[in-house]
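Keep in mind that this is a model prediction, so the values were computed, not measured. Just so it is clear: chains get the letters A, B, ... in the order the sequence lines come, proteins before strands, and each one is counted from 1.
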There are 2 protein chains.
Amino acid sequence: MKELTDRIRTQGKVLPKGILKVDGFINHQVDPQLMDACGREFACLFAGLNATKVLTAEISGIAPAVTTALHLGIPVVYARKTRPVTMPDIVLLTTAPSHTKGVMTELIVSPEYLSASERVLIIDDFLASGATIMGLVRLAQTSGATLVGIGTLIEKSFEGGRELLAPLGVPIVSLAVIASMDESGIVFVGD
Amino acid sequence: MKELTDRIRTQGKVLPKGILKVDGFINHQVDPQLMDACGREFACLFAGLNATKVLTAEISGIAPAVTTALHLGIPVVYARKTRPVTMPDIVLLTTAPSHTKGVMTELIVSPEYLSASERVLIIDDFLASGATIMGLVRLAQTSGATLVGIGTLIEKSFEGGRELLAPLGVPIVSLAVIASMDESGIVFVGD
């Protein structure tokens, strides 16, 4: 998606240890017009899947997941990293390694909002190792729901996430796919 | 706003210790159509303030802040509760007591995205004691920015937040104002 790759090219910054900083428009400051355009694109690309729910992980997945769900006309559930007091005693919980924090993070969903009848579309900001998304997949599978697709804003194609997720047999779409990057620049697939 | 109060009436649940559970449409599962309608309402109510940035706190402020910013055509910044590796060494940081967790929470904003020239509109899900919003106010003030307004989805009018924030001298708008609530029901101001 040209609008997103252009923005990453001009405002993304490659930090040491393979971190791509996109804090100016996705991860801390959010450009709502860009997120809305990405949501519209996901809704268009996944229109035929008859998804009934968007599933994402807090925190930075929320903005693109909400705009995608808005354009699909379905609810979004974001997995919590800590269990709030409002959740029931029995929850769906898995753990996944955090890419940027180097620790294991919990992903928690209330069974009130994820059930066997759902057709789940996962939306997140990054596809890197795929560990967080695989955690969301486990939550969906445990609830008995059907996973129908996976969409991410930015894929780092050299970190193995697509290979991890491919056996799931669902469409995996990223709006910007990075072939390689270092402090001298970012190369997208298709450049 | 009738659409929001109707939803709270039918799907909100009063838990012990004065907790209002709205996990089915705001805080865990999100109704994007409702959030979009709330964002449109805030954008309309605050249209004359010439805000240049929406400021909120992760996590549950993000959805209404993004839709408000979308309708105002300005960016949104969400204060982080942990400092990500992508932030610069010097950040704006304050602490505020968490209403539902009973602990002090950090609120962190990068000075890259909040500067003295900004006109800041704060949007959050709840106005209860006002402590989190006052934390956001301190961040805006420390950056030298001008606070122009405060909008929340749900105000618990009996927890003192409005009295705490009133001396700031900016418009404070809540889309649903609860006069009283207990396990038998919720009464809104204007009922």
Pairs of heavy atoms under 4.5 Å with chain A: top-ranked of B:M35, B:H28, B:K21: B:H28
Joint hydrophobic cluster, B:L121 plus B:L107, side-chain heavy atoms closer than 4.5 Å: no
Exam field: side chain B:R119 to backbone B:V148, donor-acceptor pair closer than 3.5 Å: no
Proximal component of A:Q33, with respect to chain B [non-hydrogen, under 4.5 Å]: both
Atom group of A:K53 that falls short of 4.5 Å from chain B, counting heavy atoms: side chain
Closest-packed option against chain B by number of heavy-atom pairs under 4.5 Å, given A:G24, A:A63, A:A79: A:G24
Criterion side-chain contact (heavy atoms from CB on, under 4.5 Å) on B:Y113 and B:L92, from CA distance to verdict: CA-CA 10 Å; B:Y113 309 119; B:L92 302 166; over 6 Å; no
Best-contacting candidate, B:I74, B:V77, B:L70, B:N27, against chain A by heavy atom pairs under 4.5 angstrom: B:L70
Most chain B-contacting option - heavy-atom pairs closer than 4.5 Å, from A:V109, A:I62, A:D23, A:V66: A:D23
Heavy-atom closest pair, residues B:V76 and B:A65: CG2-CB, 3.7 Å
Part of A:L55 lying under 4.5 Å from any heavy atom of chain B: neither
Pairs flagged by side chain to side chain donor-acceptor pair (under 3.5 Å) wherever residues 179-191 of chain B is involved - sequence neighbours left out: B:R9-B:D191, B:D182-B:S184
Contacting moiety of A:T56, where chain B heavy atoms sit under 4.5 Å: neither
Summary of side chain to side chain donor-acceptor pair (under 3.5 Å) pairs that have at least one residue in residues 64-78 of chain A, sequence neighbours excluded: A:D36-A:H71
When A:M87, A:E58, A:Q29, A:E112 are compared by non-hydrogen pairs under 4.5 Å with chain B, the top option: A:Q29
Pairs of heavy atoms under 4.5 Å with chain B: top-ranked of A:A69, A:P32, A:S110: A:P32
Min side-chain heavy-atom separation A:L165-A:M134 under 4.5 Å: yes
